[in-house]
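In this chain, numbering begins with 1 at the start of the sequence shown. Quick caveat: nothing in here was measured; it's all calculated off a predicted structure. Every heavy atom of this structure was used, including side-chain atoms; hydrogens, water molecules and symmetry mates were not.
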Amino acid sequence: MIQLVKRAMKSDTDAFLELMERNSLAMYKVARGILNNDEDAADAIQDTILTCFEKIHTLNRPEYFKTWMIRILINECNGILRHYRSLNLQEDFPEVSRMDASLAEFEFKEMLAQVEEKYRIILILHYVEGFKIAEIAELLDMNENTVKTRLARAREQLRTAYTDTPGGQPGKQHHGSRQDRGGVSDEKENRLQYSSKITAG
């Protein structure tokens, strides 16, 4: 990856395009952690790619490319949010459905829906993209303790969402039969399994 970044920094267009392709999923997940629909996420990603292309020669250390790129993406996403807030039209932009969405993408969106907006990006940066607490604090211009607190709260919200029964009572997830666990559906158990890495660690 570092060699690819170095080539891109020397105006190698093919290297840059490959770099963007390799990071496309990461950019999508971060953008969707901040924004409420795929259309806005796509706009933020497109603007991020353009900015990266124009400014990659200013990157001092190739090994920090991903952090640099994600910071640009976060700024683009925040710009879109500010635009909507200034117009007070957030509710007029519903989720854009995609009929060809993969199961993994659907489950990812389902997981995001269980967490308050202010916690989503931290959850994604840490557990999905592997950024450390200190790196997240720098990216979001936030105190490290605040990052830790929000991360813990996000995990707790996921744990609650995936262990509560439809009636709102906690399911006995590790004991007894399916009936003893409050009749948790196969769909919920699948989502629980999908989020287990986050809620367990």
Side-chain angles (χ1 to χ4, degrees), residues 1-87 90 93 105 108-109 111-112 115-155 157-158 197-198 201:
M1 180 74 78
I2 291 180
Q3 292 304 317
L4 205 59
V5 175
K6 288 180 178 179
R7 285 170 51 198
M9 291 172 67
K10 295 178 180 178
S11 301
D12 186 328
T13 302
D14 290 338
F16 178 81
L17 291 175
E18 184 177 347
L19 200 56
M20 292 298 101
E21 179 64 26
R22 289 191 185 186
N23 285 280
S24 60
L25 183 59
M27 286 192 288
Y28 170 75
K29 289 184 175 181
V30 170
R32 279 296 275 113
I34 300 174
L35 301 170
N36 292 324
N37 61 67
D38 285 341
E39 191 174 54
D40 288 336
D43 286 343
I45 291 169
Q46 185 176 34
D47 289 341
T48 297
I49 291 173
L50 180 59
T51 300
C52 286
F53 182 75
E54 292 175 344
K55 298 185 177 181
I56 194 168
H57 65 280
T58 66
L59 182 64
N60 293 322
R61 300 180 64 178
E63 62 268 30
Y64 290 143
F65 168 78
K66 188 171 183 179
T67 301
W68 176 77
M69 178 192 70
I70 294 298
R71 182 181 290 112
I72 292 172
L73 177 60
I74 290 172
N75 288 337
E76 294 291 349
C77 291
N78 287 337
I80 291 174
L81 288 179
R82 285 193 298 270
H83 174 70
Y84 281 168
R85 286 166 184 159
S86 68
L87 296 176
Q90 297 96 319
F93 293 84
E105 183 178 324
F108 173 73
K109 292 178 182 178
M111 183 188 75
L112 288 184
V115 182
E116 286 183 47
E117 183 177 335
K118 64 182 179 180
Y119 301 145
R120 292 174 189 168
I121 185 62
I122 292 176
L123 196 70
I124 292 166
L125 288 173
H126 186 64
Y127 286 108
V128 180
E129 297 307 320
F131 284 98
K132 298 177 182 178
I133 298 294
E135 292 172 329
I136 297 172
E138 181 180 354
L139 278 170
L140 302 181
D141 192 22
M142 189 178 293
N143 183 278
E144 287 187 29
N145 287 332
T146 302
V147 173
K148 292 177 183 177
T149 299
R150 292 193 176 188
L151 193 59
R153 288 175 180 170
R155 288 177 52 209
Q157 286 184 4
L158 277 180
K197 175 184 175 182
I198 293 175

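- Atom CD1 of Ile136 sits about 12.0 Å away from atom CZ of Arg150, to the nearest 0.5 Å.
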Give the table of side-chain donor-acceptor pairs shorter than 3.5 Å for residues 12-26, with sequence neighbours excluded, one pair per line with atom names and distance.
unit_1 : atom_1 : unit_2 : atom_2 : d
Asp12  : OD1    : Asp14  : N      : 3.1
Asp12  : OD1    : Ala15  : N      : 3.0
Asp12  : OD2    : Arg7   : NE     : 3.2
Asp12  : OD2    : Arg7   : NH2    : 3.3
Glu18  : OE2    : Arg22  : NE     : 3.4
Glu18  : OE2    : Arg22  : NH2    : 2.8
Asn23  : ND2    : Leu19  : O      : 2.8
Ser24  : OG     : Glu21  : O      : 2.9

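- Taking each heavy atom of Cys77 and Ala31 in turn, the nearest pair found is SG-CA, 3.8 Å.
- Evaluation of the side chain to side chain donor-acceptor pair (under 3.5 Å) rule for Gln46 yields no partner, not counting sequence neighbours.
- The side-chain heavy atoms of Leu151 and Ile133, taken from C-beta on, include a pair separated by under 4.5 Å.
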Indicate every side-chain donor-acceptor pair of residues 60-73 with a distance under 3.5 Å to a residue at least two apart or in another chain.
unit_1 : atom_1 : unit_2 : atom_2 : d
Arg61  : NE     : Glu63  : OE2    : 2.9
Arg61  : NH2    : Glu63  : OE2    : 2.9
Lys66  : NZ     : Glu129 : OE1    : 2.8
Arg71  : NH2    : Glu138 : OE2    : 3.3

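- Contact record, Ile80 with Asp40: CD1-O, 3.6 Å, taken as the closest heavy-atom pair.
- If you take NZ on Lys148 and OG1 on Thr146, they are separated by 10.5 Å, rounding to the nearest 0.5 Å.
- Put simply, NZ on Lys132 and CD on Glu144 are 11.5 Å apart, with the number rounded to the nearest 0.5 Å.
- Once rounded to the nearest 0.5 Å, the distance linking CG of Leu123 with CG of Leu158 reads 5.5 Å.
- Side-chain contact between Arg120 and Ile34 is absent, with no heavy atoms from C-beta onward closer than 4.5 Å.
- Atom CG of Asp141 sits in a sparse spot, with 12 or fewer heavy atoms from other residues, nucleotides or ligands closer than 6.0 Å.
- Panel note: side chain His57, backbone Met9; no donor-acceptor pair is recorded below 3.5 Å.
- Between atom CD of residue Glu76 and atom CG of residue Asp47 there is a gap of 4.5 Å, rounded to the nearest 0.5 Å.
- Scanning all heavy atoms of the two residues, the minimum distance from Ile124 to Lys29 falls at CD1-O, 3.2 Å.
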